[in-house]
*Asks:* 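Here you go, one structure.
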Amino acid sequence: MEKSCSLLVHFDKGTPALANEIKEALEGNDVPAKIDAMKKAIMLLLNGETLPQLFITIIRYVLPSEDHTIQKLLLLYLEIIEKTDSKGRVLPEMILICQNLRNNLQHPNEYLRGVALRFLCRLNEVDIIEPLIPSIMSNLEHRHPFVRRNAILAVMSVYKLPHGEQLLVDAPEKIENVLTTEQDPSAKRNAFLMLFQCAQERAINYLFTHVDRVSDWGELLQMVVLDLIRKVCRANKAEKGRYIKIIISLLTSPSAAVTYECAGTLVSLSSAPSAIRAAANTYCQLLQSQSDNNVKLIVLDRLNELKSSHKDVMVDMIMDVLRVLSSPNLDIRRKTLDIVLELITPRNINEVVLTLKKEVVKTQSGELEKNGDYRQMLIQAIHSCAIKFPEVASTVVHLLMDFLGDSNVASANDVVVFVREIIETNPKLRVSIVTRLLDTFYQIRAARVCSCALWIIGEYCLSLSEVESGIATIKQCLGDLPFYSVSEESEATDTSKKTQQANSITTVSSRRPAVLADGTYATQSAASETALSPPTIVQGSLATGNLRSLLLTGDFFLGAVVACTLTKLILRLEEVQPSKIEVNKATTDTLLIMVSMLQLGQSCVLPYPIDNDSHDRIVLCVRLLCNTGGEVRKIWLSSCRESFVNMLSDKQLRESEEIKAKAQISNAQPDDLIDFYHLKSRRGMSQLELEDEVQDDLKRATGEFVKDENDANKLSRVLQLTGFSDPVYAEAYVTVHHYDIVLDVTIINRTKETLQNLCLELATMGDLKLVERPQNYTLAPQSSKQIKANIKVSSTETGVIFGNIVYEASNVLDRTVIVLNDIHIDIMDYISPAVCSEAAFRTMWAEFEWENKVAVNTVIQAEKEFLDHIIKSTNMKCLTAPSALESECGFLAANLYAKSAFGEDALVNLSVEKQSDGKLSGYIRIRSKTQGIALSLGDKITLKQKGGN
């Protein structure tokens, strides 16, 4: 029922206009009413109505109208109505239409001529077009360019019809003459397009005849020239040397569209360094000249592709790419930094870091809304640079430490993580980093940042002065003790309360939390008879009491970190301080701080008491300072740092493995053709062609042209659709490519009769859509037929393709139907392993709303083996460090991550425990932003987790 039409408008048929009402309006003399009636008729036809009774009315009353709008609507009406009968013959009443079209093609008004010619471009009925050929050809010489350009398009569409070459034998020659004399840019473009599609040799001859003037042609014509070059060079690669000069001349065109297409064409045709450099320069110029963010993102994608295949050339363009950071758009900045970070070399690292430092400084002064997020991206980029090239760390670490107190917690956290890694990998910077950290510690306002900074202080304060400064800084940030006090009125009230209880006097009291000026909590109590004075919090200075403020909000995890840091500092002080008196005094002060934190956690001052883990941790620190053993001292002062070093080495190892995995591993076959470049004749070859020959030889030598696919993988994609005993045998080879699925179906006629009207009927379930309609075929006895079916995919939900084969045989009156086996589209074809940071994983885990929880049910008894099986089955990447998975402790928890072809994130957390009987139990939790991927991945895990294939 679907019909092609240039007008596609939704029309609500809830209260459709009656055909009689439309007919009355069309018969009247009111032009606006006629226009409205024509629009209603067209919309009803587009939405499935037939309205055959309107045709004669429209011929009688609408056809003679001189109104331009009515004439345009009339052509739309004629386009969508049926013009042939069931046997494909043109209806007799179409003769009236031919006469009207001839009149319009000869009309004195150029608009009516132009729209009539445009209408002919959408007609496929040769019987209607044939009488109009002389009128079409006469319009090629009309005085108005609007008529000429549409006449050329009409000639091209007629010439491309099945018998069009017989109708217009000399059309290419006439169009070439028009192209030579035409001055209008659009008409000239249409003429060249006609030669390009219908008489390619004439188009090529015209191009090389005027090759010196190509750069002066209009933008539209230059775009068609580039299309011609691409088509010719794909068909005959040996010809590309003639056309590359034309492409390079067009790189200087003032049109951004032309230069963009030139660069893309140049990259597709040549791999010579000079050609790639010219294309990259063009892309960088477009980034600077274009203000549209979408254009910049597209150009950055092209540069990213160049970086993957021509990294050595792109390295020289790194500073040009960095200029794009001036754009305020975060997506553009993020994509730019991703490209730059993979192009860093020892030659350009200093320039890159200097530029990034300048951008960080700009984020301090600017008042833009996204400055915090941009600063976080810059800090992460500088972190990556410093890890790859440790020598630049000294130039950036002190600048970044100014942002430890940043209001953007994520940015400040990235800074402190960067400092923690640099202080370990750059021992020369230890003293200066520790000194700067102690000076700026009071500025930190985020608990997560404070925890990491305290760990750095506890691990890397080694000398006597550093240890003493560390203890003094922490004490200053905690403020004066105690953290709360009980007033005399409270004590007096307690005494009177005991007296009232002794005399059996009942009082009704109430308690409620109160928020103080600095955001901390206290508890207010009141009695019906006597006003009780509650314990009060002793406030510290807001300038120096950042740790105190955080503790008084109930963050006792931070309190446990403070206790551990002070314990490490005291243990180290015992080693570097010769005076026992000073050590004992510091130990006493530290114990007093820990006890005060425990009292604060157990008091009623805060709305929530201290948690058990933090309480046990602080108590452990108290016991350790009271009785220190040699082994315990070694654990606290050495083992923690050793674990951190192991974590860094694991991280670097994983990054290097990922880089190796991305690198293309290809080998040439031993029987490949050897092309001796130096023995070739260089006569008539340009320098660019010579470079191109060298690059092609290098690619052949390294096997880049070889695309080897696993034969077993190919066979696994062949699916049997019918049984061996069926009269028609069918099997399909399934090819999945991002958003498309191609079914290459082989059908074999196993009978001794000719099968007529054989049709492969397919239907889909899920987010799959058939692109083409099925066609009927005739299949000779014992012969086969290859049928391709294209299917569009719109999401990663599991889809099913089902259908049947229908055919007619000469000895059977009824049609025979063979039901096909279902084809299940696997989610594994759409997701691929990906990598993200631990922080990004946690953020997505908290944000994603769809979760699928799958209970572990497997015969596998080893935790690591089960994890490897799930990774292989789900095609995901394990983000958990290998060192965390090595020990055999009976428990295992790991995070897995993957991305789909549609940009969806798939997060999986696997937690298993070995039971006493040796079996594994636990859960696999899947989270995603969309329901489809969570359900599909859960079904896949449920199917595969038992250990089967």
Side-chain angles (χ1 to χ4, degrees), residues 1-11 38-39 41-51 54-55 58-59 62-63 65 68-85 88-91 93-107 109-140 142 145-168 171 175 186-187 189-191 193-194 196-198 224 772-773:
M1 296 300 293
E2 296 177 4
K3 302 173 184 177
S4 60
C5 178
S6 57
L7 177 70
L8 293 175
V9 181
H10 171 70
F11 183 65
M38 284 296 295
K39 288 182 178 178
I42 291 170
M43 290 180 180
L44 286 172
L45 286 168
L46 286 174
N47 284 272
E49 301 292 334
T50 54
L51 305 178
L54 290 182
F55 181 77
I58 289 174
I59 294 297
V62 178
L63 209 63
S65 175
H68 291 178
T69 305
I70 291 179
Q71 286 296 322
K72 186 173 183 179
L73 291 172
L74 174 63
L75 294 176
L76 286 172
Y77 171 80
L78 295 176
E79 183 182 344
I80 59 178
I81 63 171
E82 289 290 343
K83 292 175 276 294
T84 57
D85 57 17
R89 292 176 297 191
V90 176
L91 297 172
E93 52 265 33
M94 288 300 122
I95 297 173
L96 301 172
I97 304 299
C98 289
Q99 185 60 41
N100 175 259
L101 289 174
R102 184 184 291 109
N103 294 338
N104 282 350
L105 290 174
Q106 297 171 356
H107 200 281
N109 185 283
E110 59 271 7
Y111 174 76
L112 290 179
R113 286 198 184 205
V115 293
L117 289 164
R118 188 180 297 172
F119 169 71
L120 292 176
C121 295
R122 300 190 289 270
L123 270 186
N124 297 321
E125 289 75 20
V126 177
D127 293 337
I128 298 177
I129 294 175
E130 187 174 3
L132 305 175
I133 295 296
S135 301
I136 295 173
M137 300 304 291
S138 64
N139 281 302
L140 291 174
H142 193 271
F146 177 72
V147 177
R148 295 198 303 273
R149 71 175 73 126
N150 284 293
I152 295 169
L153 290 178
V155 170
M156 180 176 69
S157 62
V158 172
Y159 192 81
K160 291 167 70 175
L161 289 175
H163 302 287
E165 295 182 13
Q166 299 173 9
L167 296 176
L168 295 170
I175 295 297
S186 296
R189 174 257 182 197
N190 292 349
L193 180 64
M194 190 272 176
F196 163 38
Q197 295 191 357
C198 303
V224 180
E772 301 160 342
R773 294 183 180 183

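Note that this is a predicted model, so its numbers are computed, not measured.
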*Asks:* For the atom pair CG (N139) and CG (N150), what is the distance rounded to the nearest 0.5 Å?
*Replies:*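 Answer for the CG-CG pair, N139 versus N150, is 9.5 Å.
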*Asks:* So, for I152 and A187, which heavy atoms are closest and what is the spacing to 0.1 Å?
*Replies:*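 What the structure gives for the nearest pair is CD1-O, 3.4 Å.
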*Asks:* Using 0.5 Å steps for rounding, measure from the CZ atom of R102 to the CD1 atom of I136.
*Replies:*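 So the CZ of R102 and the CD1 of I136 are separated by 10.5 Å.
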*Asks:* With sequence neighbours excluded, tell me which residues meet side chain to side chain contact (heavy atoms under 4.5 Å, CB included) with A171.
*Replies:*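 If we apply the side chain to side chain contact (heavy atoms under 4.5 Å, CB included) test to A171, skipping adjacent residues, the hits are V155, Y159, L168, M194.
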*Asks:* When you measure from the side chain of S157 to the backbone of A154, do you find a donor-acceptor pair of N or O atoms at a distance under 3.5 Å?
*Replies:*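 Looks like yes, one N/O pair under 3.5 Å.
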*Asks:* Identify the heavy atoms of L78 and F119 that sit nearest to each other, and give their distance.
*Replies:*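 In terms of heavy atoms, the two residues are closest at CB-CZ, 3.8 Å.
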*Asks:* Taking all non-hydrogen atoms of both residues into account, name the closest pair between R113 and V147 and its distance.
*Replies:*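 The answer is CB-CG2, 4.0 Å.
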*Asks:* Hey, what do you get for NE2 (H142) to CG (L105), rounding to the nearest 0.5 Å?
*Replies:*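 Result: 11.0 Å between the selected atoms.
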*Asks:* Taking C-beta and beyond as the side chain, do L75 and R122 meet within less than 4.5 Å on heavy atoms?
*Replies:*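 They are not in side-chain contact.
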*Asks:* Can you list everything that forms a side chain to side chain donor-acceptor pair (under 3.5 Å) with Q106? Sequence neighbours excluded, please.
*Replies:*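 Result, side chain to side chain donor-acceptor pair (under 3.5 Å) vs Q106: S135.
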*Asks:* Could you check whether any side-chain N or O of E79 sits under 3.5 Å from a backbone N or O of L74, counting only pairs where one atom can act as donor and the other as acceptor?
*Replies:*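 Not at all, since once roles are kept as given, no pair shorter than 3.5 Å links the two residues.
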*Asks:* So how far is it from N100 CG to L63 CG, rounded to the nearest 0.5 Å?
*Replies:*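 Here the interatomic distance stands at 3.5 Å.
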*Asks:* Please report the closest heavy-atom contact between C98 and L132, naming both atoms and the distance.
*Replies:*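 That would be O-CD2, 3.6 Å.
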